[in-house]
Each structure stands twice: as C-alpha cells, then as structure tokens.
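Here the structure is a predicted model, which means the values were calculated and not measured. All chains are named by letter (A, B, ...) in the order of the sequence lines, taking the proteins before the strands, and each is independently numbered beginning at 1. These values consider heavy atoms only, across backbone and side chains, with no hydrogens, waters or symmetry-generated copies.
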Amino acid sequence: MPADTRVRIAPSPTGPLHIGTARTALFNYLFARHTGGRFILRLEDTDVARSSVAFEQDILDGLHWLGITWDEGPGVAGLEEAGPYAPYRQMQRLPDYAAAAAALLAMDRAYPCYCTPEELDADRKAQEAGKLPPRYVGRCASLTADERQAKGAGGRRGALRFRVPEGVVGWDDLVRDRVEIDTSNLGGDFVIVRGDGTPLYHFTVVVDDMAMRISHVIRGEDHVSNTPKHILLFDALGYPRPIFGHLPLILNPDGTKMSKRKSQTAVADYIAQGFTREALVNYFAFLGWSPGTEEEVFTLEELGERFDLAKVQKGGARFDRERLEWLNGQWIRRLADEDLVERLMPFLEASAASGEIGRLPAEDEVRSLLPIVRERIPTLASLPGLVGFLWTDELDVDPATIAPKRWDAATTREALAAARDRMAAHDAVTWEADELEPPLRDLVESRGWKAGDLFMAIRVATTGRTATPPLFDTLVALGRDRTLLRLDAAIAGLGTVVAGG
RNA sequence: GCCGCAUUCGUCUAGAGGCCCAGGACACCGCCCUCUCAAGGCGGAGACCACCGGUUCGAAUCCGGUAUGCGGUACCA
C-alpha cells in the first residue's frame, strides 16, 4: 500500500489568486477529501522580484473564502504555521536547497555554469536562425577544475546546471495515462540555482515535494513538459517519485489559455461581482470533471464525496460565464434567509457608499424582501439594480415613460388618479398586497381597462421601471406614504389634463 | 521550428464495442403560468461523435495516419 495520500497547492505570490490556481487547489482539495488524505499549502516565493505579501494575503484569503482549507501551511494571513514539515514557504527553506544542490554537485549530476546572459542569448538566436530547437549548448558542461577556477575568478559564482541524461522519461499520469518524453527535448542541461544563489522552481518543487512527503502531484497541463525534469531530479536525488496527474486547462472563451487580457482571471473579481463561493466551487469542479450523472448542483462536501480524478477530462475547458451565473442563481435560491441577508449587506453598503442608493436598508428590511427578490437576482450585487428605488428618495420619472402603449397621457392621468383614490382608502394596517389588489381590479373592470395597463402605469410611476418584483408586494415594500407621494408626483407630471368622466 | 497533449450540439459535458440514427445542462426559440421582470413547467432547434483508413458480425468507443487546436520550449512559476 502506498504511504498516506498527501497533495498540495503551491501558489506563487506574484499576482492575485487566479481562477486557474483556485481550480487546481480545489481539485487537490477534493482529491484529499475523497481519499482521506492531507492537503498542504506551500508558498513558492523564490521569485523575489515579483513576489509580495499583498499577493500572499489575497491568495490565502481567496482560498479560505472559497472554503478550500489546508491541513498544513505557512503562517500568514493571521494563521499559525501548521504542520510537521514547516516551514511552508520556500524562501525559508533555502538550506534544504543548498544541501540538495551540494549533493548533486558532489555526484557531478550538476555543474557550475558561467555563461553570461549575452552568450546564452546569442546561442538562442543562432539556434533560432538555424531552425533548431533552443537548448543549452553545454559550454560549461565539461570544464576542468582549472577552467572553473579561472571563470569563477573575482567571486563569480555561476549558476548551477543539472546534467540531463540521455533516455526516455515516462510516467503513468492519473488523468492522461502513459506519457513518455525523450530527454533530448528538454532543452539541454537546465539551471537549478541562479547565479545569485537562489534556487529555481524546477529544483525547489522537487526538494519540497520530497521533504513534505507529497504523494500525488496534481497540477495544470501546462506542467506536462516540466514533469520529466522533475522526475530526473527525483531520481538523481534518490527520492521516490510521486504520482503525477495533469489537469486540463481553463481556457478563454476563444479557446486559448486563460489570460487576464481576455478574461477575468482574479477570484477577487468574481467575489466583488457577487458570485457565491458555492457557485464558484461548483462551477470550477465541473470545468473538466463530471460525476457522470445528471445532477448539477453540489456543495463542496458533496463534491468531495463524488470526486474522482479518473473522470477528469483530458481536453481544456472554456470558461462560460453564463453557466456560472446560472449556477449562482441556483445557489442564491438555496441559501438560508439569514445567510443570504448577511451576504447581501456588503453589496448594499457599497451601493450606499457609491451613491447608487440613497440609504442603507436594515437587515430586517432586506430579509422581508427576500421572498420577492431572491429568484430575480443572478448575483449578490444585483439587488440595488432590482429594487434600488426603495432606497432612493427622489425618484426621477420621465412622465413620457408612464403611459402604457394603449393609453394616452389623459387616460393615464385619469387612471392613476382613480387608482390613487382607491389606494388612499387603505390605512397603514390594511396596506397589504392582498388588500390593495382587489379594489384596483374592480376599478379596471368598471372602466373597461386592461389590468396590465393600469398596473404598468402604477409600476412606472412609483418605481421608475418597467420591470420590478410583483407590483403589490413592491408597493407594500415602498410603503403607503411614498406610494401615494410618487403617484401624486406622476399625476402632476402628466399635466393639467382634465380628467374625463 | 521542435516536443507533447487534445479533438462528442455555440459552450460545459454523459458515453469506457451492441442499451446511441448519441443523453443532460447553460445559452437560444416557442408554449404554459402571469400585472412587468424573473423563477418554474412543457416543447423545439442544435453533434454526418474533426477527417481518412483499418480491426470487428458490429465503433463515438480499439489501432494507424492526416488536419486543426492548445500547451511547452527562461538564471518565471
């Protein structure tokens, strides 16, 4: 039996949490949950120039927000470092890499390279011109001790290159079955430690995966061609190879690799637009995976129960925002009242702050609205757009928009006035949808009007919109005073036409 | 260029030799419901399973080739 299942997500804090990273994290998390294994988070921050703590924070916050929690990880974002293989941050593991590098050097599996960027660049250009695949020419591969000393004069350290042996490297990929790559296509001996002494990704990932006892490396398809390098390193270092699985990529709608240019790639953007964690997780899981049944809506926990890497698709999947929105709606309809209100409030606060709405409604008020708005908001951010007129004092309604197609201004004015009178007969106690509707239906019938026309005129006059939740529920939410006030304003706006009859 | 991978409705996918003249979902169209908008229900259109050739009594499913697409090709991760 293999050792305990241990998987990881190893984000690089060189940008905000990317949906591709989130999806890879999710698949690792689900795999761990499904197999009873552990999920580890490791920060790969060796690209010092591009890494920042702000990005670290964004990445860890985003994963937490999605509900993707790790069993072992670094101390950051207000968390304690946790786990038996700390530290979980590469820049704190430098001694490990140095030791591994020394071992490779001692075995002559790696050697110092003193080529300058200019030389390397010239090599590449020459190869390009000769239509040859770019590869390291091996200028420093067989330097004598004297030559090394000479090149390293003046304290020049040189980078460390790993000697790529001849042969074929193959592995049984968890999602793509057998993959084999000839080492002659790896681009020659590759650098594992920079001239300044900092280690490079291909090297650190192997040293860390071994140190942290990672059993399964589940990552994006873009790493397939890196895997032979990693396997070579595992072998050279005498480490057991983990099992690899390469996930299909999330693609832009046009089929190319997901990019900031063509798509929204930051998880934070989706959060800001009012997507729920449930919908995002649900959607990500279904990008490249399917339970094989016709069910579509799953919680994170249910996904963990069903998830199976063998059922993961091999080809990339295009990101389809429409489907995400549909799922978001599904989830908004499933959330408990309290929960939904709590999630809606920040968006209302933002709208109030931006002036989109005039005042911030209380939680109770929002809760009472739920029955009529819940199935009408595709995202948490769309509530103000639906019923913002409830929280705006001066409603600017263009009189020209009030009259239904079949009515002229005079009829509209007369109808609104009559309706206003009927409604004014109610006091605050009987100002209920059930009470408001019958009298207006009577009115419509006695005058030979169409209910839809009268209702639409009232709707536009009181909300300024042609699309709202059911009219009478809306008027109840608006309140008696404001309803009558807005009707009066509309009637006045329709001019001093003499009401007929 | 070279290496690798992929290819089922517009999109996400079901399908692991006969159950498939290919099922579901999103989007689209129509009808129902209905005071508008949604939601929901019902129905429709939409895939010669990339192409060619094999294997087989039988192929979307197995094998080969072609095409197309994508990924990789750094002292980035």
Side-chain angles (χ1 to χ4, degrees), chain A residues 10-15 21 44-47 49-51 113 115-117 120 124 127-128 130-136 158-161 173 176 179-182 184-187 190-196 198-202 204-205 220-228 246 248-249 251 253 255-257 283 286-297 310-311 313-327 329 333 372-378 386 404 437 440-441 444 450-460 463 465-472 474:
Chain A
S12 178
T14 53
T21 306
E44 306 212 328
D45 56 353
T46 56
D47 186 349
R50 294 195 299 147
S51 296
C113 168
C115 295
T116 63
L120 263 15
R124 218 179 337 265
Q127 287 160 342
E128 219 167 280
K131 293 205 186 294
L132 292 167
R135 76 185 339 257
Y136 177 57
L160 200 61
R161 278 186 192 272
D173 196 280
R176 359 183 55 86
V179 180
E180 293 187 334
I181 294 175
D182 195 296
S184 64
N185 298 313
L186 263 30
F190 57 90
V191 175
I192 56 176
V193 179
R194 292 186 181 90
D196 69 1
T198 56
L200 251 16
Y201 168 72
H202 294 307
T204 58
V205 73
E221 185 192 340
D222 49 346
H223 282 289
V224 170
S225 45
N226 293 328
T227 298
H246 291 90
L249 262 24
L251 276 16
T256 53
K257 186 183 180 181
Y283 182 69
F286 274 69
L287 266 188
W289 175 82
S290 148
T293 65
E294 289 179 358
E295 302 153 275
E296 309 266 351
V297 184
K311 289 183 87 70
Q313 206 79 13
K314 293 184 184 68
R318 300 173 197 229
F319 190 87
D320 180 2
R321 193 187 167 95
E322 306 251 33
R323 213 177 141 74
L324 206 209
E325 284 191 10
W326 172 76
L327 260 179
R333 272 162 241 145
I372 63 170
V373 299
R374 188 173 208 129
E375 57 208 28
R376 282 174 246 264
I377 47 173
L386 211 214
E437 186 168 351
L440 293 188
R441 293 242 176 226
V444 159
K450 296 250 188 221
D453 290 337
L454 207 223
F455 293 177
M456 184 52 83
I458 297 174
R459 166 176 289 112
V460 176
T463 70
R465 310 198 182 161
T466 54
T468 70
L471 181 62
F472 300 101
T474 303

First of Gly195(A) and Asp320(A) reached from the 5' end of RNA chain B, by closest nucleotide: Asp320(A)
How is Thr256(A) classified with respect to the nucleic acid when contacts are heavy atoms under 4.0 Å: base, sugar-phosphate, or nothing?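 It contacts sugar-phosphate atoms only.
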Nucleotide opposite rG10(B) in a Watson-Crick or G-U pair, distances under 3.5 Å: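 Result: rC26(B).
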Touch check for Glu294(A), heavy atoms < 4.0 angstrom, all strands: base, sugar-phosphate only, or nothing?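 Here Glu294(A) touches the backbone only, sparing every base.
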side-chain hydrogen bond (donor to acceptor under 3.5 Å, both in side chains) with Arg323(A): which residues, sequence neighbours excluded?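 Arg323(A): side-chain hydrogen bond (donor to acceptor under 3.5 Å, both in side chains) contacts with Glu296(A).
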Taking a pair as Watson-Crick or G-U wobble with both distances under 3.5 Å, which nucleotide is matched to rC48(B)? none
Hey, what do you get for OH (Tyr136(A)) to SG (Cys113(A)), rounding to the nearest 0.5 Å?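 The distance works out to 3.5 Å.
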Roughly how far apart, to the nearest Å, are rA14(B) and rC31(B) at atom C1'? 28 Å
With rounding to whole Å, what would you report as the distance between rG18(B) and rC62(B) at their C1' atoms?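 So the two C1' atoms sit 15 Å from each other.
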Could you tell me whether Thr293(A) contacts a base, only the sugar-phosphate backbone, or nothing, with contacts defined as non-hydrogen atoms closer than 4.0 Å? nothing
Sorted by chain and residue number, the side-chain hydrogen bond (donor to acceptor under 3.5 Å, both in side chains) partners of Arg441(A) (sequence neighbours excluded) come out as Glu437(A)
For Gly187(A), which contact category applies under a 4.0 Å heavy-atom criterion: base, sugar-phosphate, or nothing? nothing
Residues at least two apart in sequence or cross-chain that pass side-chain hydrogen bond (donor to acceptor under 3.5 Å, both in side chains) with Lys450(A), listed by chain then number, are none
Name the nucleic acid region contacted by Gly220(A), choosing base, sugar-phosphate or nothing; use a 4.0 angstrom heavy-atom cut-off, strictly under.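 Touches nothing.
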Quick check for you: name the first and last nucleotides of RNA chain B, 5' to 3', having an atom under 4.0 Å from a heavy atom of chain A. rG1(B) to rA77(B)
Distance check, C1' atoms only: rU13(B) and rG54(B), in whole angstrom units.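 rU13(B) and rG54(B) have their C1' atoms separated by 29 Å.
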Looking for any heavy atom pair under 4.0 Å, which part of the strands does Arg374(A) touch: base, sugar-phosphate only, or nothing? nothing
Quick one: list whatever passes side-chain hydrogen bond (donor to acceptor under 3.5 Å, both in side chains) with Thr227(A), sequence neighbours left out.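 Scan of Thr227(A) (side-chain hydrogen bond (donor to acceptor under 3.5 Å, both in side chains), adjacent residues dropped) gives Arg219(A), His246(A).
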Between rA45(B) and rA22(B), how far apart are the two P atoms, rounded to whole Å?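 My reading of the P atoms in rA45(B) and rA22(B) gives 12 Å.
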Mind checking Thr466(A) for me? I need base, sugar-phosphate or nothing, with any heavy atom below 4.0 Å counting as a touch.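 The answer is base, as Thr466(A) lies within the cut-off (heavy atoms under 4.0 Å) of a base atom.
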Evaluate the ring planes of His223(A) and Tyr201(A), with Trp represented by its six-membered ring, and classify them as parallel (under 30°), tilted (30 to 60°) or perpendicular (over 60°). tilted
Counterpart residues, side chain to side chain contact (heavy atoms under 4.5 Å, CB included), relative to Leu200(A) (two or more places apart): Val191(A), Arg194(A)
Roughly how far apart, to the nearest Å, are rG43(B) and rA25(B) at atom P?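 Approximately 11 Å lies between the P atom of rG43(B) and that of rA25(B).
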Considering every strand and a 4.0 Å limit on heavy-atom distances, what is the contact class for Asn226(A): base, sugar-phosphate, or nothing? base
Give one of base, sugar-phosphate or nothing for His223(A), where a contact means two heavy atoms less than 4.0 Å apart.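 Here His223(A) touches the bases of the nucleic acid.
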Sticking with atom P, work out how far rU68(B) lies from rC52(B), rounded to a whole angstrom.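 After rounding to an integer number of Å, I get 16 Å for this pair.
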Roughly how far, to the nearest 0.5 Å, is the CG atom of Asp453(A) from the CD1 atom of Ile458(A)? 11.0 Å
Taking any heavy-atom pair under 4.0 Å as a contact, classify Pro378(A): base, sugar-phosphate, or nothing. nothing
Contact class for Pro248(A) (heavy atom, under 4.0 Å): base, sugar-phosphate, or nothing?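 Here Pro248(A) touches no strand at all.
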Spacing of the P atoms in rC57(B) and rC51(B) (rounded, Å): 24 Å
Leu324(A) vs Leu287(A), nearer the 5' end of RNA chain B by closest nucleotide: Leu287(A)
Give Ala159(A) one of three labels, base, sugar-phosphate or nothing, depending on what nucleic acid heavy atoms sit under 4.0 Å from its own.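 Answer is base: heavy atoms of Ala159(A) come under 4.0 Å of a base.
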Pairing check on rG4(B): which nucleotide meets the Watson-Crick or G-U wobble criteria with it, both distances under 3.5 Å?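 rC70(B) - that is the nucleotide pairing with rG4(B), both distances being under 3.5 Å.
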My understanding is that a pair needs two contacts under 3.5 Å, Watson-Crick or G-U wobble. By that rule, which nucleotide pairs with rG18(B)? rC57(B)
Electrostatic pair Glu325(A)-Arg321(A), nearest N-O below 4.0 angstrom: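 Here Glu325(A) pairs with Arg321(A) in a salt bridge, since their nearest N and O are under 4.0 Å apart.
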Base, sugar-phosphate alone, or nothing: which one does Phe286(A) contact when heavy atoms must sit under 4.0 Å apart?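 Sugar-phosphate: the residue Phe286(A), judged by heavy atoms under 4.0 Å, touches backbone atoms but no base.
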Between rC9(B) and rA60(B), how far is it from one P atom to the other, in whole Å? 15 Å
Mind checking if Arg176(A) touches a base, just sugar-phosphate, or nothing, with heavy atoms under 4.0 Å? sugar-phosphate
Could you please name the partner base of rC33(B), counting Watson-Crick and G-U wobble pairs only when both distances are under 3.5 Å? none
